[in-house]
2 protein chains.
Amino acid sequence: MANKKSKATSVDIAYHAGVSQATVSRVLRGSPLVNAETRQRVLDAVQALNYKVDRRASSLRTQRAGTLALLLFEDPTEDESHINPFFLSMLGSITRACARNGHDLLVSFQQLSDDWHADYEDSMKADGLILLGYGDYVDYRPKLEKLVAQGTHFVRWGAVLAGQPGVSIGCDNFAGGRMVAEHLVGRGRRRIAFLGYASSHYPEFFERYRGCDALLREAGLSADPTLQVDALSSEEEGYQAAKALLAREVAFDAVFAASDLIAIGAIRALNEHGLRVPEDIAVVGFDDIAMARFATPPLTTVIQDTGRAGELLVETLLRLVRDQPAESMMLPAKLVVRKSSGA
Amino acid sequence: MANKKSKATSVDIAYHAGVSQATVSRVLRGSPLVNAETRQRVLDAVQALNYKVDRRASSLRTQRAGTLALLLFEDPTEDESHINPFFLSMLGSITRACARNGHDLLVSFQQLSDDWHADYEDSMKADGLILLGYGDYVDYRPKLEKLVAQGTHFVRWGAVLAGQPGVSIGCDNFAGGRMVAEHLVGRGRRRIAFLGYASSHYPEFFERYRGCDALLREAGLSADPTLQVDALSSEEEGYQAAKALLAREVAFDAVFAASDLIAIGAIRALNEHGLRVPEDIAVVGFDDIAMARFATPPLTTVIQDTGRAGELLVETLLRLVRDQPAESMMLPAKLVVRKSSGA
DNA sequence: CTGAAAGCGCTTACAG
DNA sequence: CTGAAAGCGCTTACAG
């Protein structure tokens, strides 16, 4: 019985199979330079001794770790204990994509203030980095530039814009925002408030805003700047933003929240204010987190295909690691209509 | 500028600092056998060359990976794309606890049917395993026994019962269930339905059921077996279970759902049936997932302290890895009262 | 306090 | 097709 104290090595297998240790290694790496019969003997021994290749040793030799690292970073201001559910859903799909590609995934939560840029790959624990998180892009960008300068392999999830350092995968936020506005306008809404940051500090939110704005202009409805309130992606900030909006006493008949969490907080504030959703105010979110369909009323929102996103992040990073060409990509956005925007 | 092609090694540092490579290693390991001035010279060189110890090499030498693996396993029957939010919250706290203890975390999602028992530690990628997941314990138990037989270091999150293989950390499910019943009885409810498996196949749910049952007996209210309906932890199963309960046409004035997800599904079924929560039926869940407070009405539930749980899982596993004594532990449960159980 | 040397378990030219 | 040998980058007795 295999036991911690006596783990089998390739030498044990070699002895057992009556071949050299080098041959064992060849078999296990799938080298074609091995006679079929010899191969079988080795494989039998591997079976019998429940042998597994020591990944540290092989990685030390090949200089390839077979491991990717996922850095989930959070704004230090946010509540430590609550991770954005959208990212957790991405985490699931990234993990699966790694497994499918025969790689392991190291996970780490980082504060945006940490020196995360220079750790995992430098200590040879990972071949490349996947960066996931909202945060102030203006603060964040120099770190990306440092990664590029260091030659670190990485992909990030986020807005896909011209002139960004490195390779990015993201949702078509502009199209998503546009769809939301189109939907609301189609339902007769005319004064659409936007809850979420709308500046280059938060490019994903900004693109959603710009998409919405573009459609409103096309429809001849000028966007009113008093209808935009800053908010990060949390229920609490959504609640506060909606309160702030109500305090301005400007008329509006719809809310486009930059994320589902913001939308859920906004609905709470609206209800407290005696406004009904969707009768008085239509509300639309973004992300389609698990909670969205269980909100009251169920939330109309924009789906970001996290399954495909995880796959694309992993595959793109692996191309980078292998020095193959890779480029930024945008995934299509898709509107899901639920009650919160219904007439 | 440090560049992928010319990563500094301890030999480079040695040359730079004018010492032997062995001394560099001593400094970096914090050995006391180094002269203060020599140490400083080495540290300066480390700084200058942005050197990081290669974890693979050091791990190969010391036979300690500095890495833990988290295996999140799911019932193959469950929807692949949705991970239980409760586990995601645990994931966050486990990651942080690992970081605090200077370890990395490898994450993997496993189907309960996979041969997960013999992988991570065998290929020396991790020093130990954290097992997280619901699943049929009767199927699951032989795998745990195999892990024990192999001498694998592991801790699992789950029910803490006598005679289990290995070390377990879990919430005091019995006390939690008891609290729920006490709360409901205190609010005048007499016929409490339980939605969730109540058998040794799902020991966590079973303990919750037994705690509830115990209090009902103490209160002189015999538990009615027609008020229990099987369900796994998902919104859909909760919905179906509540429908099945309603179809039985037995009277009940409260629902104790074995998890928040089940509770949320049950509320949907109750509402469809024209029953108001909490006026007609009080509903209580378990877990306090992020969604619970945003449900309509906000859900009374039992908090499991995931922060402390993650810490305890990691610390206990690390004790095991170091061959220090470690034992199973139960975390206290805590009731949070929200509207769903209010009169 | 410091250095020379062995060795962790692999992979892969090199030679046959 | 196979083996002997070097070497990946560390850590740690051993000797001084």
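Quick note on labels: first sequence line is chain A, next is B, and so on, each numbered from 1.
Considering only side-chain atoms of A:Thr23, the nucleotide from C:dA6, C:dA4, D:dT2 that sits closest is D:dT2. When the nucleotides C:dG9, C:dT11, D:dC10 are ranked by their closest atom to the side chain of A:Thr9, C:dG9 comes out on top. Considering only the side chain of A:Val19, D:dG3 comes nearest among D:dT12, D:dG3, D:dG9. Closest to the side chain of A:Arg61, out of D:dG9, C:dT2, C:dC10, is C:dC10. Of the candidates D:dC1, C:dT11, D:dT12, the closest approach to any side-chain atom of B:Arg29 belongs to D:dT12. Among D:dT2, D:dG9, C:dA4, the nucleotide with an atom closest to any side-chain atom of B:Arg26 is C:dA4. With D:dT11, C:dT11, C:dT12 as the candidates, the nucleotide lying closest to the side chain of B:Ser25 is D:dT11. Distance from the side chain of B:Ser20 is smallest for C:dG3 among the nucleotides C:dG3, C:dT2, D:dT11. The side chain of B:Val53 sits closest to D:dT11 out of D:dT2, D:dT11, D:dG9. Checked against C:dC1, C:dG3, D:dC10, the side chain of B:Ala57 finds its nearest nucleotide in D:dC10.
When the C1' atom is used for both D:dT12 and D:dG16, the distance is 16 Å, rounded to whole Å.
Salt-bridge check for B:Asp127 with B:Arg64: failed, with every basic side-chain N at 4.0 Å or more from each acidic carboxylate O.
A pairwise comparison of heavy atoms in B:Val107 and A:Thr95 identifies O-CG2, 3.6 Å as the closest pair.
At the phosphate of C:dT11, neither OP1 nor OP2 sits under 4.0 Å from any side-chain N or O atom of A:Thr62. Contact between the side-chain N/O atoms of B:Thr38 and the OP1/OP2 oxygens of C:dT2 is found at a separation under 4.0 Å.
When both distances must be under 3.5 Å, the Watson-Crick or G-U wobble mate of D:dG16 is C:dC1.
Along DNA chain C, the nucleotide nearest to B:Gln21 and the one nearest to A:Ala22 differ in position, and the one closer to the 5' end is contacted by B:Gln21.
Considering CZ of A:Arg100 and CZ of A:Arg96, their distance stands at 8.5 Å, rounded to 0.5 Å.
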